[in-house]
Each structure stands twice: as C-alpha cells, then as structure tokens.
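Written out below as structure tokens is the structure these notes cover.
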Amino acid sequence: MQRIVLHVDLDSFYASLEELRHEDIRGKPVVICVYSGRSPDSGAVRSATYKARQLGIKAGMPIVFAKRLAKDKDVAFLPTDIEYYRTVSDRMMEILEEEADAIQQVSIDEAYLDVTGRSGDDWDAARKIAEGIKRRVKDEEGLTCSIGIGPNKLIAKMASERQKPDGLTVVKDTQVAEFLRNLPVMELYGIGGKTAEALNELGIKTVNELAEFELKILEEKFGENKAVMLQQRAKGIDDSPVEQKEPQQISRMGTLKEDSNNLEAIFGKIRELAADVTTKAEKKDVSFRTISVILIDTGLKAHTRSETIQPTDNMDAILKTVKSLLARFLEENSGIMLRRVGIRVSNLTHNDERGIPRGLDKYLGEGKRGLS
DNA sequence: CGACGTGTAAC
DNA sequence: CCTTTTACACGTCG
C-alpha cells in the first residue's frame with residue numbers, strides 16, 4: 001500500500017517562542033540555554049535561531065563557547081522555559097491532528113502525519129495539505145515550520161531536513177532513489193558519527209554504496225538486526241506506521257553543584273529528581289517495575305545501576321531502591337567522583353481504574369496464568 | 001528468557 | 001570549557 005507521510009518540524013522552536021513573547025529581542029540572534037548552575041555560564045545551548053547559527057552557535061554547544069562566538073555582538077541568551085514551550089506545543093499538535101488521518105508526535109517540536117486517505121493518494125493534494133498546515137501554524141501561532149513529504153517516515157524526515165527554515169520538500173516514491181543518490185551515509189537518519197566511521201572502514205561512504213553492499217559483511221560488523229536496518233534505510237525503505245507510541249520510561253537528570261562521592265550530598269539531588277519522576281508517572285497514570293540510577297563521573301563517563309521490583313508508583317520505593325544502588329556503587333568505586341546524576345523508571349504498566357498498579361494482580365495469589 | 005549494563009543516536 | 005530525555009540494540013549472566 002502506497003502511503004503519503006508528512007514530517008513537520010517547527011523551526012528553532014524554543015528560540016522562536018521567546019522571540020514572539022519578548023519584543024525587545026526581535027531581530028537579534030537568540031540562544032536558549034540550559035544552565036547547570038555550577039558556575040554562571042556552565043551549561044549547554046538548547047536551541048538557536050538561524051541568525052545565531054550564522055555566528056556558528058549550535059544546539060549542544062557549551063554556553064561559554066557560544067558566548068565567545070557572540071563576542072561583542074548583540075546576542076540574546078535566555079534560559080529554558082519548558083513549561084511554556086510544552087503549552088504551545090500541545091496547541092500545535094492539536095492543529096496537526098486536525099490535518100491528518102494519523103499523527104505520531106516524536107518530540108516537543110516534531111510530528112509525523114499520515115495523510116494517505118485525505119490526500120486521496122495524490123502528491124499534489126498532499127502538498128496542498130502541507131501548505132495549509134504552514135499557513136495555520138503561521139496564522140495561529142506565529143511560527144514557521146519545515147515540512148517534508150515522502151512515501152514513509154524516513155523519507156519524510158530527511159525531506160524536511162533538506163530545506164529549512166520555512167521549507168517544503170516533496171519526495172515522491174518515484175524520486176526516492178534520486179533523492180538518496182550520492183548522499184554521505186552520515187546524512188541518513190539513524191547514522192551518527194560512530195556508525196559512519198565503521199562504514200568508512202568498509203569503504204562505504206555514500207548511501208547507494210551502503211544499499212548495494214554485501215549484507216553478510218555488514219552483519220559481521222553490526223549484527224543482523226542493525227545490518228538489515230541500515231540497508232533497508234539506505235534503500236529508502238521504512239514500513240513502520242505513523243502511530244502514537246506509549247512511553248517506555250520516564251527519567252530525569254541533574255548536575256551536582258559540585259563533584260561529589262558523598263551519598264547524602266548526592267541524595268539531595270536524587271530527592272528532587274524522584275519527586276519529578278513520580279509526578280510525571282502519576283500524570284500518565286502508570287506504575288513501574290524497574291528503577292535505575294544513572295551516574296555521570298567527572299570524566300563524563302556514564303554508569304547505570306538498576307533493580308526490578310514489584311510494580312509501584314510510590315516515590316519512597318524509588319528513594320529506597322536508588323539509595324541502596326547508589327551506596328553499593330560508591331562502595332565498589334571508591335575514589336570515583338560524580339558530576340551528574342539521574343534516575344529512570346521503566347517497565348511501565350498503566351494503572352487500572354482502582355488506581356492499583358495493573359500487572360500487580362499477577363503477584364497477588366492467583367499465580368501466573370496464561371504464561372507458557 | 002528476563003534482568004542488567006553499555007553504547008549509539010536523535011532531540 | 002560540556003544539557004536533557006527517550007528509544008533501542010547488543011552482549012552477558014544466571
């Protein structure tokens with residue numbers, strides 16, 4: 001079945017929203033930052049307008065780097081107000097829902113839309129739908145977005161990247177091969193620096209070389225699953241449906257005011273994070289079975305420790321489990337100093353109407369039914 | 001197979 | 001000089 005899929009990507013979303021509500025920064029390059037709080041400018045850039053990008057400022061960059069690039073220029077640096085961005089995002093997604101047969105929100109500023117039905121399988125009709133979306137987003141929220149249209153999510157996503165900001169790129173099924181021809185593998189969605197380097201070692205530099213490469217050799221290097229996935233993508237094939245996914249995990253990270261290996265000092269931060277995670281789990285009405293603590297040492301190396309228990313939605317269960325995991329980790333790694341800590345709950349189950357963790361009944365007397 | 005820890009990727 | 005959140009795959013162990 002031939003599909004028509006849109007990928008809608010809001011342009012430098014956070015920075016654009018701040019521009020809209022602060023008249024005084026309009027026209028200036030705008031940079032949205034996550035301040036970690038250990039020194040005045042410690043932290044990273046989260047979003048930058050295109051004017052800021054012209055100066056070389058990019059998301060992910062340390063704030064001090066960005067300030068150096070901004071030098072004597074008049075650049076606005078603002079902190080992240082995620083609550084506000086989420087409110088606007090929710091309104092945006094409502095607009096998109098009205099314009100699609102099915103929607104899959106992939107992040108606060110991105111969504112896939114299946115418009116196969118309402119476009120009548122017609123690419124020009126799909127383009128008109130996209131133009132309508134761009135107009136509504138502009139009229140109703142004052143924002144621009146970039147839209148890619150393709151026969152699947154992979155091609156739609158890569159098409160939306162092709163022209164931005166305020167772009168609209170259509171790649172019909174008949175144009176996929178041409179669209180991917182001679183593209184460096186790194187530009188294929190899902191291939192980052194490590195995979196690109198591994199492919200390079202096999203002499204593979206472009207997407208078409210990857211598509212034609214002997215699968216057996218790819219499997220030796222990447223394992224069967226990833227090898228097949230890589231080659232499917234290189235051919236522009238992606239059969240995954242546009243569908244809303246249930247979250248699999250909830251996590252929160254934070255940076256310590258100063259490096260530490262002291263259980264109590266670290267635990268203060270853990271308490272904040274646990275409260276956040278519990279609130280979010282309550283909001284989503286889920287319980288969890290697995291609790292993890294994520295530890296980033298001063299060398300920025302990540303360590304995780306986790307434990308699976310009976311389903312719960314209780315904050316004290318998190319604190320109790322994390323405390324024992326963390327205490328054990330610090331014992332076993334004497335001398336290590338931690339910079340950042342996080343907690344994660346996973347193995348999620350939806351609570352039932354009585355507020356009892358669903359899945360818990362399995363542990364209450366009846367025994368395990370229906371399991372082979 | 002489930003649980004656990006690590007790595008990759010994208011936002 | 002360095003954020004945050006989520007997903008997923010793989011190896012290993014018992």
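Because only heavy atoms are used, hydrogens play no part in the values below, and waters and symmetry mates are left out as well, while side chains stay in. Throughout, protein chains are lettered first and strands after them, A, B, ... in sequence-line order, and every chain is numbered starting at 1. Keep in mind the model is a prediction, meaning the values are calculated, not measured.
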Write down the distance between CG (Asp297(A)) and P (dC2(C)), rounded to a whole number of angstrom. 14 Å

Cation-pi check for Tyr85(A) against Arg46(A): NZ or CZ below 6.0 Å from the six-membered ring centre and within 45 degrees of the axis, yes or no? no

Reckon Arg339(A) has a side-chain N or O less than 4.0 Å from the OP1 or OP2 of dT3(C)? yes

Nearest listed nucleotide, side chain of Thr195(A), among dC11(B), dC1(C), dA9(B): dA9(B)

For DNA chain C, whose closest nucleotide is more 5', that of Ile63(A) or that of Phe222(A)? Ile63(A)

Are Glu224(A) and Lys216(A) within salt-bridge range, i.e. N to O under 4.0 Å? no

Any Lys/Arg nitrogen of Lys134(A) or Asp166(A) sitting under 4.0 Å from an Asp/Glu carboxylate oxygen of the other? yes

Would you kindly say whether Asp285(A) and His350(A) are connected by a side-chain donor-acceptor distance under 3.5 Å? no

Base, sugar-phosphate or nothing for Asp41(A)? Non-hydrogen atoms, less than 4.0 Å. nothing

Set out, line by line, the N/O atom pairs under 3.5 Å between protein and nucleotides 4-8 of chain C.
from   : atom 1 : to        : atom 2 : distance (Å)
dT4(C) : OP2    : Thr255(A) : OG1    : 3.2
dT4(C) : OP2    : Arg340(A) : NE     : 2.9
dT4(C) : OP2    : Arg340(A) : NH2    : 2.4
dT5(C) : OP2    : Met253(A) : N      : 2.5
dT5(C) : OP2    : Met253(A) : O      : 3.4
dT6(C) : OP1    : Lys280(A) : NZ     : 2.9
dT6(C) : OP2    : Ser251(A) : N      : 2.6
dT6(C) : OP2    : Ser251(A) : O      : 3.0
dT6(C) : OP2    : Ser251(A) : OG     : 3.0
dA7(C) : OP1    : Gln248(A) : N      : 3.2
dA7(C) : OP2    : Gln248(A) : N      : 3.3
dA7(C) : OP2    : Gln249(A) : N      : 3.2

Of the listed nucleotides (dA3(B), dG5(B), dC2(C)), which one gets closest to any side-chain atom of Arg289(A)? dA3(B)

Can you see if the side chain of Lys194(A) gets near the phosphate of dA10(B) - specifically, an N or O under 4.0 Å from OP1 or OP2? no

Think Ser306(A) has a side-chain N or O under 4.0 angstrom from the OP1 or OP2 of dG5(B)? yes

Lys301(A), nearest nucleotide to its side chain (from dA10(B), dG7(B), dG5(B)): dG7(B)

Less than 3.5 Å apart, any donor N or O on the side chain of Ser306(A) or Thr290(A) sitting next to an acceptor on the other? no

Starting at atom CG of Leu230(A), determine the distance to atom P of dC10(C), rounded to an integer number of angstrom. 10 Å

Arg68(A) side chain: which of dC1(C), dC4(B), dC2(C) is closest? dC1(C)

Just checking, Lys67(A) and Phe77(A): is the charged tip under 6.0 Å from the six-membered ring centre and within 45° of the axis? yes

